[in-house]
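To keep things clear, I will list the structure first and then write my remarks on it.
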Amino acid sequence: MVYLRNHTPGRLPTWLLTAIIILIGVGVRFMQMGLIRYGYDQSYPAYQATGLLDGGIWPVIGQPSSVFLDNPALMPYVQALPLLLFRDPLAVQALILILNSAAVWFVWRIATELLGRYGGWIAAFLFAVSPWVVFFSRTTWVQSLVPFFMAVIAWGLWPTFAGKSASPFGFFAGAVAITLLSQTYIQAWGILPQVVLLLIIFRRRVPRKPLLAGTAVFVAATGVYLYGLATRPEVNTLKASGFLAEGWQGVTDIGLRHAARFVNSIDFRPAYAAGNPAGPIWPVVSNIAVIFLSLSLLVGVVRAVFALRRPGEERHLAVIMLIWFFVPVLMTSVQGAFDIHPHYLMLTLPAGHILTAWAIVPLLRYKIGPIFVATTIILVGLVFAHDLYRANELVGRYPVWPEFDGWSLEAGSDVGRAMRELLVGEPGPFPRRIVAAGDKSLMSGLSATFVKPIGGIDYPDFTVHSPAQSLIYVIEGGEAPPSWLRDFIDMEEARSLEFAGGTKIIVARSKPDAAASIANFPQTPVQWSSEAGITLLGYTLDGPVVPGGLIDIVTYWRVDELKPEQAEWYVAPSYQLIDLNGNKVSNVGGHGQWAYRWELGDVYIEHVLVPIPEKTDSGSYSLEINLFDSVHQRPYTLFDGQTPVAAYPIAIELKPE
């Protein structure tokens, strides 16, 4: 379907304009790569990949889904490939960006075959600069390769449906791409209705051998996925039944709006660059681009509908584009008990851009058409590139968030690199235990190493130390260890980092030799065991004790016993100041810890300040230390040798001010 002579404006070589468009797509995707937000979903495939590389754990099921069944497990294997060469989250990011940049070439190829050279350039350019397409091309979550696979599928299957010069290899490649897509992301199975519908309509054109081979690959991969689901039967059965039982709650236009936004970029600037305005004129210019592309998409759809009445190539093109674009829209137009997110409608790619190009191409027939189209398309590209730049700049302004979730890739990678440098060469099995506020997937993804953060730690007042191996401490706030921890954390090789906004991080290694000789550190040795399986090794009191003051105490606890029934125990010390009549003067709860996090030999050091009321009389008191499970409301007995006691008493002499 070639509407014009196949030469380029200004007599540019055709390959050069194509290369420029592809390089623009590469540029906006790689632009400020370090300012990509990196969160929990971004890191999960890399977490599983590090589990494979470091721990020998072969994933059979992917990331749990909040909407339906657990995701398939292909994405961890994809991300393990760059991590084999470079242990850095930037390596994973680069692979995803390279593949999604290649999608621009596939869109150019298929659009050129269906619309001619000019239509191919326009569609590829719009796909290359679309802010929503670029945004989802820069993620590393399970659906990160949807833009790439959708472009490959279109390139492989559409020529056969359209009656063009299709090759059996291309059709088979498109079929394999469907399988690969379906094995990365559970919602990607939504592509099957549009594919099956087109296979039925154009069944006489479909080559039998590539179809059968592609179907066999899909069935085999599905069998592997079903095996993975069977490893979590109760969870996935519950998810599926809950999803189906919620029922439908009406009709919504959200699917159509999400599908259109991949073409017209609506809402991108308010969603991701609202806090970084470029002045009052820019929203107006941006909205003009949205209106132009929205009208072009609408005209393309209308043109496709009218083309259904005419036999020939245009009817075939119209059937393909309308089914590919509107079947996912229809599937997401029935409102259910879950939200429809924009990335669900990536299954419409690249039909929207080709429909839009189909509407723009006829303008080139008019005298000033080429100048108008070229100028408008270039301005749209500049607007979209500027919106993307503003969104990136906003991330650079706020690169750090609580608990490492949503950090900029550059900032998170710096912390991960500091962790990795201290972890290299450390003995002990994987996952390596670390002390950090971040989730295990986040910290594994950022460090590109299989790690397990120990939860329930409150540095510096509640810390854990292992005599078996060094633990990496990722200390937010950049505080150096207080006096009671200086012998336990090695600051000589510590890494100190500072980020925009003043956030400071220290990455340091604990000393296993200090934890092994823990009995030497308490000022007063105790060595009382407990029913909970931990031993009070001793304590250190600091400073005078006066009315209105504080009892400054550091206690040392060691895990000496693990029992199966302990898994659900939540063990916490408490500190009660008791007078000679048995009255409670002050009570402070200590830091709790779930017993399933314990490992034999772990030493927990707790620092507590017990307040003394101002009107307390001077004299003799007892500071009693006991263990209590606040979740299950049960105390744990301590043992003075073989004698069970409720608490360990410390004599306190309260002196006048």
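The CG atom of L97 lies 5.0 Å from the CD1 atom of I36; values are rounded to the nearest 0.5 Å. One distance of note links OH of Y604 with CZ of F462; it measures 6.0 Å at 0.5 Å rounding. The CD1 atom of I457 lies 11.5 Å from the CD1 atom of I434; values are rounded to the nearest 0.5 Å. Distance check, rounded to the nearest 0.5 Å: CG of L99 to OG of S137 gives 10.5 Å. Taken from NE2 in H591 to CD1 in I605, the straight-line distance is 13.0 Å, to the nearest 0.5 Å. Interatomic distance, CD of Q576 versus CG of N583, reported as 12.0 Å (0.5 Å rounding).
One finds a salt bridge joining R417 and D88 here, because a Lys/Arg side-chain nitrogen approaches an Asp/Glu carboxylate oxygen to under 4.0 Å. Using a 4.0 Å cut-off between charged side-chain N and carboxylate O, D560 and R558 make a salt bridge. The existence of a salt bridge linking R37 and D405 is excluded, since no basic side-chain nitrogen approaches an acidic carboxylate oxygen closer than 4.0 Å. A salt bridge links E531 with R634: at least one charged nitrogen is closer than 4.0 Å to a carboxylate oxygen. A salt bridge does not link R432 with D54: none of the charged nitrogens is closer than 4.0 Å to a carboxylate oxygen.
Side-chain contact, S441 with S43: a donor N or O sits under 3.5 Å from an acceptor N or O. With hydrogens and angles left out, the side-chain atoms of Q63 and D70 include no donor and acceptor closer than 3.5 Å. Side chains of Y575 and T555: a donor-acceptor N/O pair is present below 3.5 angstrom, by distance only. Between the side chains of E653 and S620, at least one donor-acceptor pair of N or O atoms lies under 3.5 Å. With no hydrogens or angles considered, a side-chain donor-acceptor pair links N392 and R138 at under 3.5 Å.
Of the possible donor and acceptor atoms, one in the side chain of Y77 sits under 3.5 Å from a partner among the backbone N and O of P59. For R509 (side chain) and D490 (main-chain N/O), no donor-acceptor pair under 3.5 Å exists by modelled atom type. At distances below 3.5 Å, at least one donor-acceptor pair connects side-chain atoms of S182 with backbone N or O atoms of T179. Here the side chain of T643 pairs no donor or acceptor atom with the backbone of G641 at under 3.5 angstrom. Proximity of a side-chain donor or acceptor of T616 to a complementary backbone N or O of I612 within less than 3.5 Å is not detected. With T237 contributing its side chain and P233 its backbone, the two residues share a donor-acceptor pair below 3.5 Å. Between the side chain of Q566 and the backbone N or O of K563 there is at least one donor-acceptor pair closer than 3.5 Å. Counting only distance, with no hydrogens or angles, the side chain of Q593 and the backbone of G455 share a donor-acceptor pair below 3.5 Å.
No more than 12 heavy atoms of other residues, nucleotides or ligands lie within 6.0 Å of CD in E568, so this atom counts as exposed by the packing criterion. Other residues, nucleotides and ligands contribute at most 12 non-hydrogen atoms within 6.0 Å of the NZ atom of K504. Around CD of E565, the count of heavy atoms belonging to other residues, nucleotides or ligands within 6.0 Å exceeds 12. The environment of Y227 atom OH is sparse: at most 12 non-hydrogen atoms of other residues, nucleotides or ligands sit within 6.0 angstrom.
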- Item | Full working for salt bridge (Lys or Arg N to Asp or Glu O under 4.0 Å) between R433 and D602 | CA-CA 12 Å; R433 301 168 78 210; D602 280 352; 2.7 Å; yes
- Task: Give the C-alpha distance, both sets of side-chain angles, the deciding distance and a yes or no for side-chain contact (heavy atoms from CB on, under 4.5 Å) between I534 and L627.
- Result: CA-CA 10 Å; I534 59 175; L627 295 174; 4.0 Å; yes
- Task: Given side-chain contact (heavy atoms from CB on, under 4.5 Å), test I551 with L609 step by step and report yes or no.
- Result: CA-CA 5 Å; I551 301 175; L609 298 174; over 6 Å; no
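Here W569 and Y596 keep their ring centres 6.0 angstrom or further from each other. The six-membered or imidazole ring of Y272 lies near that of F135, with a centre-to-centre distance under 6.0 Å.
The aromatic rings of Y47 and Y44 sit perpendicular, their planes meeting at an angle over 60°, well past the 30° parallel limit. In this structure, F136 and H343 have perpendicular ring planes: the angle between them is above 60°, well past the 30° mark.
Nearest approach of M491 to A508, heavy atoms of both residues: SD-CB, 3.9 Å. The shortest non-hydrogen separation linking I578 to E624 is CG1-CD, 4.0 Å. Closest approach of H632 to W594, counting heavy atoms only: CE1-CZ3, 4.5 Å. Across all non-hydrogen atoms, the minimal contact from P547 to L654 is N-CD1, 3.8 Å. Across L471 and S466, no two heavy atoms sit closer than the pair CD1-N, 3.9 Å. The nearest pair of heavy atoms linking A221 to Q183 is O-OE1, 3.5 Å.
The list of ring-ring contact (aromatic ring centres under 6.0 Å, His included) pairs with a residue in residues 471-509, not counting sequence neighbours, reads W407-F499, H465-Y473, H465-F488, W484-H607, F488-F521.
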